[in-house]
Amino acid sequence: MGLKNESVLREEKGIHRFKIDLLRKTNESSSLIPLLQSAQESYGYIPEDAIYYISELVGIPAADIYGVITFYTQFRLRPLGKYLIKVCEGTACHVNGAKKIVKAIHSELGINIGETDPDGFFSLQSVACLGCCSLSPAMMIGDRTYGSLTVETVRKILKNYREGAIEE
Amino acid sequence: MKEIKVGLATCGISAGGTAVFNEFKQQVSEKNLPVSLRETGCMGMCYEEVLVEIIENGSRYLYGSVTPEKVKRIVAEHIIENKPVSEWIVRGPDSGEQTDFFRKQKRIVLRNCGDIDPGNIDEYTARGGYNAIRMVLSSLSPEEVIGTILDSGLRGRGGGGFPTGLKWRFARQAEGDKKYIICNADEGDPGAFMDRSVLESDPHSVLEGMMIAAFAIGAEKGYIYVRAEYPRAIERLRRAIGECGARGYLGSRILGSPMNLDIVIKEGAGAFVCGEETALIASIEGKRGVPRLRPPFPAQSGLFGKPTNINNVETYANVPWIVVNGAEAFSRLGSEKSKGTKVFALAGKIKRSGLVEVPMGITINEIVFDIGGGIRDGKAFKAVQMGGPSGGCIPASMGELRIDYDEITKTGAIMGSGGMIVLDETTCMVDVARYFLTFTQNESCGKCTFCRIGTKRMLEILERITSGDGKEEDLDILEDLAQTIKRSSLCGLGQTAPNPVLTTLRYFRDEYIAHIKEKRCPAHSCPHLITYRIDPEKCTGCTLCVKRCPSGAIAGEKKKPHTIDPDKCIKCELCYDACRFHAVIKI
Ligand SMILES: Cc1cc2nc3c(=O)[nH]c(=O)nc-3n(C[C@H](O)[C@H](O)[C@H](O)COP(=O)(O)O)c2cc1C
Ligand code: SF4
Ligand code: SF4
Ligand code: SF4
Ligand code: FES
Ligand code: FES
């Protein structure tokens, strides 16, 4: 079954990019989280097949793996949009107007926190702090952090992504 | 030869630091300038990002708010003609000119931050880095190291304030064939960014602290648990660990001694409760990060059931300094029971937000006004929030309070990890309490009934109050629930979750009462309790607000006073932000 799943995964994405060396050495359960992280890195989310595959590999029942996945906010079971927006709702951002930023994103993209827009371009997530509090309110798109946001700059940034003016 | 340093910690990058760095690079190569251009970490003055420092013969000029356009002039005048562009300098070479931001600071943890290139081990060693571990390996016994840390009075900087030397002693004395050390870099506290800054700006000082701890307790394996939201910190740590391995500071037979140590990074997966030490250990073991009952403490039975020492990033970063400078040098600083310095992440409604390190015993007012420059936009100082979701709000009237573990605890707040969020008159304290309860309610692992359901009940009440439906008996219920949750929760999360509510009830009770009895939010912040109006005296009829309003609530003729239809208004505040004449008012 392990093999079958592996080939399913290969087919799905062309190349299966789990960190092979990690897999080879795996026999302790402490590798579960890194394995899930690398699955998510490869697919953008954790596909069901990957869960069964990992379950075989580390010998942990799939139900328990689901337990771990749903516990941590980082993991998701559904694919994300091309760009993940992490809007900060930490304390500094909250007192400096994070709500307005969330509203601006909402009015611009029509999505709420936890949602992906219909064409799969943006997903919106809320985070507790980006560690960029001195430039609050802040958000992160992909690996880039944007600070000192206003409703106007948010609109501009999102527009730039839409028009492909920003590349990853 | 001149040195140019560009601050490229996360906030420097998000303020546009990379473009500034590239512009310098281009100018340097185009004009073939004899300078050394390097990147560095957090310089502390985050409010002036992008920061660039130019150094020659010991004279230092720090430029703030640098843009690629400004680079051309800085190069032409300062680099080529030796005429510093004085109007852009935020900290000059003459000590008299030193800005107030630095005057009351004392940098131990931040000794190298913003000075060295975090990606180059040679810069760390050139400043005395790894001398402490050399000293330890060549001339000290583990007991002597523990004695030094005990004598220094260093207490854990992760929040609890437990004496670090004592913790090390317990782990040393515990029986075990294997022992572990862990660095807690989860920094889940919203509004705190000092651990990120230290890891991004000076990763080696943390690694060296871990090495010394490992020597003291006899561990051969170390873990750094970093939150995944900090990609830069992870990248720089990886690099630093790699460099250490190549130079023999990590691995087997460190620096030719009998000591072996490997350090690996574990990325956190985003759960606040994972910062709690037993939950963090479970998370490293690959399980759900759920706290467990103590004892046994990690010092006896921690990671994989072995004796484990766990400390915070800042705690470790202090250690090499203490070893090199002596316990006495450290314990001379600070107050009676809180020694040394503390790093604070200063943010919120403050003029100069940034990373500051001050001796313990300094007052809140000194931090807010002398260092932070006071409140933005001429508003009044209302309170500081310390300790995040486990802490509380200290009112401005207590500004003369000396900051140390015990003084802060007396107020009902806690020192916490060092987030200091400054609040002004426009911040509603009931909303702040509601905000934190939303946070803890979300983050509760759900194991204890009172933490799971009690915080939810408290949150519901706070939501009612902020939307104008509060009842008089709500305050008693809140206090009751708070006491029960504190008493019957298993871990620190639940035990401290009510603190933001309790402190605001204690110091800002009148605001709760105004919400409940008068259906009024004194800070004009709770959307349900405010209406927007246009002051006809001030309105010029510029129509800017009309264009912004998403709900068509504003009407009026050009050049004549406008009006807002309260029934259509969705309280988005865009008109308020847009009006240049302060004609939109909240009542
Ligand atoms: C809910 C909760 C979250 C915590 N989060 C952190 C954290 O993010 N970083 C940290 O260093 N300590 C955190 N702590 C404290 C740790 O449990 C532990 O006391 C600390 O890492 C010990 O290091 P120290 O002695 O150097 O302070 C947290 C505690 C609780 C109860
Ligand atoms: S107090 Fe809360 S977070 Fe801590 S173990 Fe209990 S339910 Fe979990
Ligand atoms: S923006 Fe201000 S001044 Fe202009 S029409 Fe609106 S309320 Fe009047
Ligand atoms: S608050 Fe928003 S909806 Fe209300 S009048 Fe102003 S712009 Fe329009
Ligand atoms: S609170 Fe938003 S970046 Fe820290
Ligand atoms: S100066 Fe940029 S992170 Fe502090």
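Chain A is the first sequence line, chain B the second, and so forth, proteins listed ahead of strands; every chain is numbered from 1.
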Worksheet item: Stepwise, does the side chain to side chain contact (heavy atoms under 4.5 Å, CB included) test hold for B/Glu187 with B/Met194?
Response: CA-CA 8 Å; B/Glu187 194 154 80; B/Met194 54 279 140; 3.4 Å; yes
Discussion item. With chain B as the partner, which of A/Thr70, A/Leu135, A/Ile69 has the greatest number of non-hydrogen pairs under 4.5 Å?
Written reply: A/Leu135
Practice prompt. For each of A/Thr91, A/Thr150, A/Thr145, tally heavy-atom pairs with chain B at distances under 4.5 Å, and name the one with the top tally.
Written response: A/Thr91
Examine whether an atom of [X] lies under 4.5 Å from a heavy atom of chain A, and if so say whether it belongs to the side chain, the backbone or both; otherwise answer neither.
| X | answer |
| --- | --- |
| B/Cys274 | side chain |
| B/Asp577 | side chain |
| B/Phe436 | side chain |
| B/Ile570 | backbone |
| B/Ile350 | neither |
| B/Arg376 | side chain |
| B/Arg232 | neither |
| B/Ala345 | neither |
| B/Ile421 | side chain |

Contact winner vs chain A - [options], heavy-atom pairs under 4.5 Å:
| options | answer |
| --- | --- |
| B/Leu346, B/Thr427, B/Asp431 | B/Asp431 |
| B/Ala271, B/Gly348, B/Ala347 | B/Gly348 |
| B/Gly419, B/Gly289, B/Cys572 | B/Gly289 |

Pick one of side chain, backbone, both or neither for [X], based on which atoms fall under 4.5 Å of a heavy atom in chain B.
| X | answer |
| --- | --- |
| A/Glu152 | side chain |
| A/Val127 | side chain |
| A/Val151 | side chain |

Worksheet item: Less than 4.0 Å between a side-chain N and a carboxylate O, is that true for B/Lys586 and B/Glu573?
Response: yes
Please find the pair of heavy atoms, one from [X] and one from [Y], that lie closest to each other, and give the distance.
| X | Y | value |
| --- | --- | --- |
| B/Gly372 | B/Lys351 | O-CB, 3.5 Å |
| B/Tyr230 | B/Ala192 | OH-O, 3.7 Å |
| B/Ala523 | B/Glu425 | CB-O, 3.4 Å |
| A/Ala128 | B/Phe439 | CB-CE1, 3.5 Å |
| B/Thr466 | B/Arg434 | OG1-CD, 3.7 Å |

Worksheet, complete the sentence: Residue pairs passing the ring pair (Phe, Tyr, Trp, His ring centres under 6.0 Å) test with at least one member in residues 104-137 of chain A, sequence neighbours excluded, are A/Tyr83-A/Phe121
Worksheet item: With a 4.5 Å heavy-atom cut-off, do B/Pro550 and B/Leu574 have their side chains touching?
Response: yes
Worksheet item: Yes or no on side chain to side chain contact (heavy atoms under 4.5 Å, CB included) for B/Arg196 and B/Glu229, after CA distance, side-chain angles and deciding distance?
Response: CA-CA 10 Å; B/Arg196 165 186 71 71; B/Glu229 278 85 359; over 6 Å; no
Practice prompt. Sorted by first residue and then second, give each salt bridge (charged side-chain N to carboxylate O under 4.0 Å, His left out) pair with at least one member in residues 60-78 of chain A; sequence neighbours left out.
Written response: none
